[in-house]
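A short write-up of the structure that comes next.
Here the structure is a predicted model, which means the values were calculated and not measured. Position 1 is the first residue of the sequence, and the numbers go up from there. In listed order, ligands and their atoms are each counted from 1.
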Amino acid sequence: MSAMLNTATRPNWLRKSVIKSLIAYQQTQQSGAELIEDEVGFFLYDLDYLAQHLSGLMQQDVIKLWFAVKANPLSRVISTLAQQGFNFDVASQGELSQVLAQKVSADRILNTGPAKSKQQMKAFLTQGVNTFVVESLNQLQWLNEAASELSCQPQVLLRVQLQWAEGEKNPLGGNEVTAFGLSCQEWQTIKVTDFPALNINGLHIFQWGNMLSNERMFELWSQMVTPLLSLAEQLEMTLEVLDLGGGLGVDYLQTGQNLSWEQIVADLAKIKKRAGVSELWLELGRFAVAEMGYYVTSVVDRKQNFEQQQLVLAGGINHLIRPAITEQPFPVAMVRESTASPSAFDLHGPLCTSLDKLGTLAIANDVGIDDQLIFGLAGAYGFTESMPFFLCHPIAAEYVIEQGKIEQIRVAQPATWYLR
Ligand SMILES: Cc1ncc(COP(=O)(O)O)c(C=O)c1O
């Protein structure tokens, strides 16, 4: 970290306290050159903001909240969520080990994911996980076998995939047929009594990504109730739990549209009543952690190419791939103050693929070589979702801010760290 910062007018997503902490950190950094040799990009997570935000989400008794660990598995992020009372949705042994390592008890963990083998589910049961979202007939059979071998009775939610006439494309699939769960027709072929080692008492459904409209979200949730209730009836299962996954959006494109949490709680209270369930669950990813995170990298080159103004950055999709797969760039600002008027720049990373682009975004037009850029809403689907190995650039560093102080959690690493 080496930028000169100040606290001039900033976009809303760039909190003043974050800039202040960065300045303070910079001033106390000693012999920085050595420490940051391999640092070409870093993530910064504002845990003070995170704790406050999560505490707001927990002020209700309608929804049981889980954190989708895939959004950000950093140890300190997980412990902040645990302290605020969140439970954890893990999708791999790696995520499970990481959550358990933060001293979270296994009864606060559930397991989702389409690639669960019998071996994995048995290992999870052995480690104390007792809640599973089952996504195929094989998974159901294997979990039943594993549970009877271990003489336990895990709670099971069947993951349902629905189709609507009106589709919307997003990385989770939206209306496409995906590997996440099964259609009602497939689930109807089972008899819950054939799985005596399982307590099948819930349904899970989640197909949509980054919703920004309360009305649209409520409409989608409402449409789910009837087919889910009739499936439960056909299966003669007691529907106690309805898990509606994630999908609550954040405003990556800075449209000014934002979900109201108060409205979500009110809407879900209605859904819960209509579905007649005693528990309604959400597994939040981005809505829980996106806003607390930033990614910072610097400008290596600036050029005019045909009609485009281009900035080539030290870090790109090797650290932050999400814009390339969603076409939703993270909002950006220059770290130093500038009164120059903004221009649109294509922001390219260092990889040899045209995919390596973090967006076309407005930046003060005096931006130049070595200026640092800070991207917002980067607390979810950042470090672990990216492609850090291609072209052997350094791995990003990770820092947190807690009680106003910056602390390095992960030092940047050169490619020699992983090359064999
Ligand atoms: C099963 C499941 N639940 C929750 C989430 C979190 O989604 P979001 O980030 O939209 O909240 C995901 C994300 O892929 C998921 O796969």
(message) List ligand 1 atoms under 4.0 Å from G246, heavy atoms only on the residue side.
(response) 4 (C), 7 (O), 10 (O), 11 (O)
(message) Using a 3.5 Å distance criterion without hydrogens, assess whether the side chain of D38 forms a donor-acceptor pair with backbone atoms of A412.
(response) no
(request) Would you check whether G285 has a nitrogen or oxygen atom less than 3.5 angstrom from a nitrogen or oxygen atom of ligand 1? (result) yes
(message) With a 3.5 Å distance limit and no angle check, can you tell me whether H204 reaches the backbone of V241 through a side-chain donor-acceptor pair?
(response) no
(message) Distance under 4.0 Å to a non-hydrogen atom of Y381: what atoms of ligand 1 satisfy this?
(response) 6 (C), 7 (O), 8 (P), 9 (O), 13 (C)
(message) Using a 4.0 Å heavy-atom cut-off, which part of F180 comes near ligand 1: side chain, backbone, both, or neither?
(response) neither
(message) Can you confirm, on distance only, whether ligand 1 has an N/O atom lying under 3.5 Å from any N/O atom belonging to N210?
(response) no
(request) Have a look at ligand 1 and work out which part of M211, if any, has a heavy atom under 4.0 Å from it: side chain, backbone, both or neither. (result) neither
(request) Give the numbers and elements of all ligand 1 atoms closer than 4.0 Å to a heavy atom of A68. (result) 4 (C), 5 (C), 6 (C)
(message) Checking the N or O distance criterion of under 3.5 Å, is ligand 1 in contact with R286?
(response) yes
(message) I'd like to know if R159 and D243 make a salt bridge, using a cut-off of under 4.0 Å between side-chain N and carboxylate O.
(response) no
(request) Kindly compute the distance separating CG (N111) from CE (M121), expressed to the nearest 0.5 Å. (result) 8.0 Å
(request) Could you tell me whether some N/O pair between R159 and ligand 1 is separated by less than 3.5 angstrom? (result) no
(message) Under a 4.0 angstrom heavy-atom cut-off, which atoms of ligand 1 come close to L284?
(response) 11 (O)
(message) I want to know if ligand 1 touches E283 in the polar sense, i.e. an N/O pair below 3.5 angstrom.
(response) yes
(message) Taking 4.0 Å as the limit for heavy-atom contacts, which would you say applies to V133 with ligand 1: side chain only, backbone only, both, or neither?
(response) neither
(request) In sequence, state the C-alpha distance, the side-chain angles, and the governing distance for Y418 and F389, and then conclude on ring pair (Phe, Tyr, Trp, His ring centres under 6.0 Å). (result) CA-CA 8 Å; Y418 59 83; F389 305 127; 4.5 Å; yes
(request) Locate the shortest heavy-atom distance separating I109 from W66; write the atom from each residue and the value. (result) C-CZ3, 3.8 Å
(message) Any non-hydrogen side-chain atom of H348 less than 4.5 Å from a side-chain atom of L313?
(response) no
(message) With a cutoff of 4.0 Å, is G247 in contact with ligand 1, counting heavy atoms of the residue only?
(response) yes
(request) Answer yes when E149 and K118 have at least one side-chain N-carboxylate O distance shorter than 4.0 Å, and no when they do not. (result) yes
(message) Does only the side chain of F287 get under 4.0 Å from ligand 1, or the backbone, or both, or neither? Count heavy atoms.
(response) neither
(request) Using the test salt bridge (Lys or Arg N to Asp or Glu O under 4.0 Å), find all partners of R76 that sit at least two apart in sequence or belong to another chain. (result) E402, E407
